[in-house]
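Lettering of chains follows the sequences in order, A, B, ..., and the numbering in each one begins at 1.
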Amino acid sequence: MAEYKLTTPLSDEDIIKLKAGDKVLLSGVVYTARDAAHMRMVESLKKGEELPFDPKGQVIYYVGPSPARPGKPIGSAGPTTSYRMNPFAPILIEKGQKGMIGKGKMSDEVKEACVKYKACYFASIGGAAAVVGKAVKKAEVIAYPELGPEAVRRLEVEDMPLFVCYDAHGNDLYEIAKKEWANKL
Amino acid sequence: MSEVRNVSVKDVEEAIYKLALDAAYHIPEDVLEAEKKAYEKEKSETAKKVLETIFENIKVSSEEEFPLCQDTGLGIIFLEVGQDVHFTDGYIVDAINKGVERAYKDGYLRKSSCHPLTRANYGNNLPAIIHTFVVPGNKVKIIFDAKGGGSESMSKVQMLKPADGRDGIIQTVVDWMIQAGPNPCPPTIVGVGIGGDFERAAVMAKHATLRKVGQPSDDPVLAEMEQEILTKINNSGIGPAGLGGLTTALAVHIEMEPCHIATLPLAINTACHVNRHKEIEL
């Protein structure tokens with residue numbers, strides 16, 4: 001398993017070299033969105049309206065951070081459970097989104113979209129939120145402020161530690177890991 | 001019978017405020033102990049790294065700049081009120097809600113309560129969810145459980161058939177937790193409620209997650225079931241954060257009550273690896 005340092009926006013070349021199980025330290029801009037923001041973005045697309053950001057090459061982090069203390073860019077910011085974004089991720093991947101960051105399984109449709117459009121699902125460690133919060137250097141709400149923790153934020157991150165979970169070749173880290181460690185007690 | 005005792009709801013509000021802040025930033029000691037034991041036994045290098053990240057997270061959070069998890073949960077309160085307690089200075093439910101609201105504001109905790117349909121965030125993390133029990137005596141015991149949405153979503157109530165019995169219960173819990181996989185932030189504490197009725201089973205399951213981690217049930221039959229379920233879940237290979245390993249659950253805790261001759265209610269509630277809960281007696 002390899003280890004890569006990547007900076008957003010991501011290209012097809014960045015994605016193709018990644019294999020499920022690889023470790024990635026991600027830097028650059030990532031956008032936050034979870035349930036309510038995804039509902040609104042996909043609604044906007046249906047109406048032919050513009051999205052709060054162009055998804056081409058971008059990575060969306062499924063997170064609703066806790067409030068920032070004074071002098072800090074953000075509070076705790078660990079991943080939320082990703083399956084709730086199953087209906088939305090393939091639509092945004094088709095529009096050029098290159099990565100999702102979250103925790104837990106996603107659907108076969110998401111896996112297929114990762115293969116077809118060369119995208120990647122990165123797993124972060126759920127509940128390691130204080131540690132991840134420290135990787136965020138800058139945060140700014142860019143859309144839907146009324147959604148509070150669910151607003152869309154533009155984050156600047158430095159060396160955010162991630163695992164490649166679904167790669168663009170159809171592999172699934174959760175399935176591989178589970179098989180390797182089953183019935184070992 | 002104990003003497004009737006006045007308890008000011010202002011003291012309850014203050015207690016809730018302190019418990020909520022403490023829960024958000026400081027992991028219960030028994031949970032950390034169980035994780036350290038799991039670390040010693042773990043054979044997967046990745047799992048060990050995940051557990052090290054979890055320990056690092058606990059350390060960072062204890063300095064109180066960042067909560068243990070960004071999902072600081074809804075406030076779930078188990079309120080045991082002695083029947084000889086007389087609450088003064090206001091309404092107990094208002095006081096609890098005020099304590100929660102103040103803690104979530106002052107502690108930079110996330111406000112996660114919303115309208116179920118419009119999903120509009122209420123911005124105050126209210127209302128608290130309060131389970132009240134009247135008990136003998138003149139004391140008030142408060143358990144504050146900060147329950148996040150990820151682990152809560154991996155819950156269920158199922159009305160089994162009486163003939164499903166012990167083995168049916170075990171199979172249902174194991175299948176459910178394996179299906180949940182990485183979603184509830186393993187290593188988890190699995191709470192199981194057996195019997196009672198539909199809603200009692202659910203309350204028992206959640207209450208069971210708050211028992212000292214790994215302390216077996218007093219009932220030897222249930223204690224044996226807890227061990228059997230735990231071994232089966234940990235043989236799934238899911239591991240910490242779902243990245244493979246021997247530690248998918250830290251413990252299985254079962255509570256049980258009598259049920260109707262026609263029913264076998266079963267509830268499963270999962271606590272994630274930070275299992276934030278604190279308690280106090282007034």
Side-chain angles (χ1 to χ4, degrees), chain A residues 1 21 23 34-37 39-40 63-72 74-84 102-106 123-134 136 146-151 161 163 165 173-185, chain B residues 24-25 43-44 46-47 50 53-54 56-61 63-72 105 107-112 114 119-123 148-151 153-154 178 180-186 231 234-246 248 272-274:
Chain A
M1 276 173 260
K23 281 181 199 142
R34 36 176 293 157
D35 311 55
M39 288 183 219
R40 292 205 190 181
V63 61
S66 66
R69 284 186 179 268
K72 294 247 183 316
I74 204 164
S76 282
T80 195
T81 324
S82 306
Y83 72 89
R84 301 192 313 270
K103 58 138 173 140
K105 294 178 277 192
M106 295 192 78
S124 175
I125 299 173
V131 173
V132 181
K134 282 175 82 176
V136 177
E146 66 281 10
L147 293 178
E150 295 203 70
F163 293 89
C165 191
L173 173 59
Y174 289 138
E175 286 305 319
I176 295 167
K178 200 168 107 177
K179 264 189 208 132
E180 189 186 343
W181 288 96
N183 301 314
K184 289 281 198 296
L185 285 179
Chain B
Y25 288 95
K43 292 199 177 75
S44 153
T46 306
V50 171
T53 307
I54 287 172
E56 159 83 3
N57 191 65
I58 290 165
K59 196 170 155 282
V60 170
S61 178
E63 288 149 19
E64 303 196 359
E65 298 283 352
F66 296 94
L68 283 160
C69 181
Q70 79 289 341
D71 181 354
T72 45
K105 181 168 178 286
Y108 295 88
L109 309 184
R110 198 179 82 183
K111 289 75 175 171
S112 302
C114 73
R119 312 305 295 178
N121 194 302
Y122 293 131
S151 60
S153 288
M154 296 297 113
I178 290 176
N183 294 0
C185 289
T231 303
N234 284 338
N235 254 331
S236 68
I238 293 165
L243 299 177
L246 308 179
T248 305
C272 65
H273 62 74
V274 290

Nearest non-hydrogen partners of B:Pro184 and B:Cys272, listed with the distance:
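Smallest interatomic distance, heavy atoms only, reads O-CB, 3.4 Å.
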Under 4.5 Å from any heavy atom of chain B - which part of [X]:
| X | value |
| --- | --- |
| A:Tyr174 | both |
| A:Lys72 | side chain |
| A:Ala77 | backbone |

[options]: which one forms the most heavy-atom pairs within less than 4.5 Å of chain A?
| options | answer |
| --- | --- |
| B:Ile54, B:Val274, B:Leu68, B:Thr72 | B:Leu68 |
| B:Gly148, B:Gly150, B:Ser236 | B:Ser236 |
| B:Pro67, B:Ser61, B:Cys185 | B:Pro67 |
| B:Thr248, B:Val50, B:Ile58 | B:Val50 |

Does this structure show an ion pair linking A:Glu146 with A:Arg40, if we count only N-O contacts that are shorter than 4.0 Å?
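A salt bridge links A:Glu146 with A:Arg40.
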Taking it one step at a time, do A:Ser124 and A:Val132 satisfy side-chain contact (heavy atoms from CB on, under 4.5 Å)?
CA-CA 9 Å; A:Ser124 175; A:Val132 181; 4.1 Å; yes
Stepwise side-chain contact (heavy atoms from CB on, under 4.5 Å) check, B:Asn234 with B:Leu246
CA-CA 6 Å; B:Asn234 284 338; B:Leu246 308 179; 5.8 Å; no
[atom1] of [X] to [atom2] of [Y]: how many Å apart, nearest 0.5 Å?
| X | Y | atom1 | atom2 | result |
| --- | --- | --- | --- | --- |
| A:Ile176 | A:Leu173 | CD1 | CG | 6.0 Å |
| A:Ile125 | A:Phe163 | CD1 | CZ | 5.0 Å |
| B:His273 | B:Ser151 | NE2 | OG | 10.0 Å |
| B:Asn183 | A:Arg84 | CG | CZ | 9.5 Å |

Answer with side chain, backbone, both or neither: which region of [X] has an atom nearer than 4.5 Å to a non-hydrogen atom of chain A?
| X | result |
| --- | --- |
| B:Ala47 | neither |
| B:Asp71 | neither |
| B:Ile238 | both |
| B:Lys59 | neither |
| B:Ile178 | both |
| B:Ser44 | both |
| B:Tyr122 | neither |
| B:Leu109 | backbone |
| B:Thr46 | side chain |

Can you tell which of [options] has the highest number of heavy-atom pairs within less than 4.5 Å of chain B?
| options | answer |
| --- | --- |
| A:Lys134, A:Met1, A:Lys184, A:Lys105 | A:Lys105 |
| A:Gly75, A:Gly133, A:Ala123, A:Gly64 | A:Gly64 |
| A:Pro161, A:Ala177, A:Ala68, A:Ser66 | A:Ser66 |
| A:Gly127, A:Gly126, A:Gly148 | A:Gly127 |

Whether the side chain of A:Glu150 engages the backbone of A:Arg34 through a donor-acceptor N/O pair (distance < 3.5 Å, no angle test) should be reported.
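Looks like no, no N/O pair under 3.5 Å.
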Test side-chain contact (heavy atoms from CB on, under 4.5 Å) on A:Trp181 and B:Lys43 and set out the steps.
CA-CA 9 Å; A:Trp181 288 96; B:Lys43 292 199 177 75; 3.9 Å; yes
Side chain to side chain donor-acceptor pair (under 3.5 Å) assessment of A:Lys103 paired with A:Thr80
CA-CA 6 Å; A:Lys103 58 138 173 140; A:Thr80 195; 5.8 Å; no
What verdict does the side-chain contact (heavy atoms from CB on, under 4.5 Å) test give for A:Leu147 and B:Asn121, after you've listed the backbone C-alpha separation in whole Å, the side-chain angles of each residue and the deciding distance to 0.1 Å?
CA-CA 6 Å; A:Leu147 293 178; B:Asn121 194 302; over 6 Å; no
